[in-house]
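Report on the structure given below.
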Amino acid sequence: MRIVIGEDSALFREGLRRLLTENGHDVAGTAESADTLLDVVRAVDPDLTIIDVRMPPTMTDDGARAAVTLRAERPDRPILMLSQHIETRHVVELVGTGGFGYLLKDRVLRVGDFLDAMRRVLDGGSALDPEIVAALVTPTRAGDPLSALSAREREVLALVAEGRSNSAIAARLVLAERTVESHMRSIFQKLRIDDAPDTHRRVLAVLTQLRS
């Protein structure tokens, strides 16, 4: 299987490349940004494209938007989103189509399961994490900022409200502390809580939750 990887994290990208190569696949190209990814996929025309949601240049949903663009250019192009974040605004139209998968990095516990998911997507099937499905079917309340948070982010915020530190949250949820930090950055961004010297963002995030 010829694969292109769109992933800005060098460590994760190279780790994934090694994993795929050791399992007999050909990593035909890699990209560190969404713009570069579009160019690489168009040039290589791989069997499968693996894309992270958050990539440069904006580190928001560039990877998701690149997936939509690539699918529009070639509707049968297999795409597997692999991310720490849940993004439903752009990819919702892809979920119901064949040859599309969306897995959360933290929840991929076995290499064999991941490789099986890749094969299903390549064969025109789907591979969706249950949290992605839950996010897609959960109705959002207009004007409620918490409706933008993923299930995991709401879980993290609930533990913040209990006064737990990032390390304590990581231990409670069996996550890496850096993953918790990433969730917190996403929470602040989605709740539009800017970093300022005279504010405590964790407190403001909890207040937003309590007022909801």
Side-chain angles (χ1 to χ4, degrees), residues 1-57 59-136 150 152 176 179 182:
M1 187 187 309
R2 298 174 67 250
I3 300 171
V4 164
I5 301 171
E7 168 64 58
D8 62 290
S9 167
L11 287 178
F12 190 87
R13 185 176 62 249
E14 292 307 312
L16 185 56
R17 180 212 290 269
R18 176 172 297 185
L19 169 68
L20 295 172
T21 301
E22 289 177 349
N23 282 275
H25 300 296
D26 174 18
V27 178
T30 62
E32 302 174 16
S33 72
D35 293 339
T36 304
L37 175 65
L38 294 175
D39 293 338
V40 172
V41 172
R42 288 163 180 159
V44 172
D45 193 20
D47 300 315
L48 175 70
T49 305
I50 299 176
I51 308 175
D52 190 11
V53 168
R54 293 187 176 178
M55 298 179 67
M59 292 300 291
T60 55
D61 54 10
D62 302 77
R65 288 189 281 113
V68 173
T69 297
L70 291 172
R71 179 55 65 87
E73 292 177 354
R74 213 189 80 183
D76 63 344
R77 172 176 281 140
I79 293 173
L80 175 60
M81 306 290 297
L82 182 61
S83 179
Q84 289 180 315
H85 309 283
I86 296 177
E87 198 283 332
T88 58
R89 182 176 52 170
H90 296 291
V91 304
V92 64
E93 61 188 86
L94 303 180
V95 170
T97 64
F100 180 76
Y102 193 161
L103 302 176
L104 295 179
K105 293 177 180 175
D106 294 338
R107 289 167 56 87
V108 177
L109 303 180
R110 290 184 287 271
V111 171
D113 291 345
F114 175 65
L115 297 176
D116 287 344
M118 284 175 41
R119 175 56 61 182
R120 290 200 304 275
V121 172
L122 179 66
D123 292 341
S126 62
L128 298 174
D129 187 282
E131 287 196 21
I132 302 297
V133 176
L136 289 167
S150 69
R152 176 64 89 185
T179 301
S182 176

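None of these values were measured; they are calculated from a predicted model.
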Legend entry - Pairwise distance NE2(His25) to CE(Met1) - rounded to 0.5 angstrom: 4.5 Å
Legend entry - Check: Leu70 and Ile51 side chains under 4.5 Å, non-hydrogen atoms: yes
Legend entry - Expected output: side-chain Arg120 to main-chain Ser126 donor-acceptor under 3.5 Å: yes
Inset, instruction - Compare every heavy atom of Thr30 with every heavy atom of Val40, then report the nearest pair and how far apart it is. - result: CG2-O, 3.9 Å
Legend entry - Residue pair Val4 / Pro46: nearest heavy atoms and the distance that separates them: CG2-CG, 3.6 Å
Legend entry - Under-4.0 Å salt bridge between Asp52 and Lys105: yes
Legend entry - Distance-minimising heavy-atom pair for Ile5 and Val27: CD1-CG1, 4.0 Å
Inset, instruction - Look up atom CG in Leu104 and atom CG in Leu128, then write down how far apart they are to the nearest 0.5 Å. - result: 10.0 Å
Legend entry - Closest contact, heavy atoms only, Ala127 versus Leu103: O-CD2, 3.8 Å
Inset, instruction - Measure the shortest side-chain to side-chain distance between Leu94 and Tyr102 over non-hydrogen atoms and say whether it is less than 4.5 angstrom. - result: no
Inset, instruction - First locate atom OG1 of Thr21, then atom CG of Asp26, and finally report the distance between them rounded to the nearest 0.5 Å. - result: 7.5 Å
Inset, instruction - Kindly say whether Arg2 contributes a backbone atom to a donor-acceptor pair with the side chain of Asp47 at under 3.5 angstrom? - result: yes
Legend entry - SB check Arg65 Asp62 (cutoff 4.0 Å): yes
Legend entry - Side chain to side chain, Arg17 and Ile3, heavy atoms closer than 4.5 Å: no
Legend entry - Heavy-atom side-chain proximity of Leu16 to Glu7 below 4.5 angstrom: no
Inset, instruction - Check whether any side-chain heavy atom of Met118 lies under 4.5 Å from a side-chain heavy atom of Leu80, and answer yes or no. - result: yes
Legend entry - Spacing of CZ belonging to Phe114 relative to CD1 belonging to Ile50, to within rounding of 0.5 Å: 4.0 Å
Inset, instruction - Inspect the contact between Glu87 and Arg54 and indicate whether a charged nitrogen and a carboxylate oxygen are less than 4.0 angstrom apart. - result: no
Inset, instruction - Inspect the contact between Arg152 and Asp106 and indicate whether a charged nitrogen and a carboxylate oxygen are less than 4.0 angstrom apart. - result: no
Inset, instruction - Could you tell me whether the side chain of Val41 reaches within less than 4.5 Å of the side chain of Glu73, counting heavy atoms only? - result: no
Inset, instruction - Of all the heavy-atom pairs spanning Arg110 and Asp113, show the shortest one and how long it is. - result: NE-OD2, 2.9 Å
Inset, instruction - Determine whether Val91 and Asp61 make a side-chain contact, defined as any pair of heavy atoms from C-beta on separated by less than 4.5 Å. - result: no
Legend entry - Enclosure of Arg107 CZ (heavy-atom neighbours >12, cutoff 6.0 Å): yes
Legend entry - Closest heavy-atom pair and its distance - Ala31, Met55: O-CE, 3.9 Å
Legend entry - Atom pair CG/CG of Asp8 and Leu37 - distance to nearest 0.5 Å: 11.5 Å
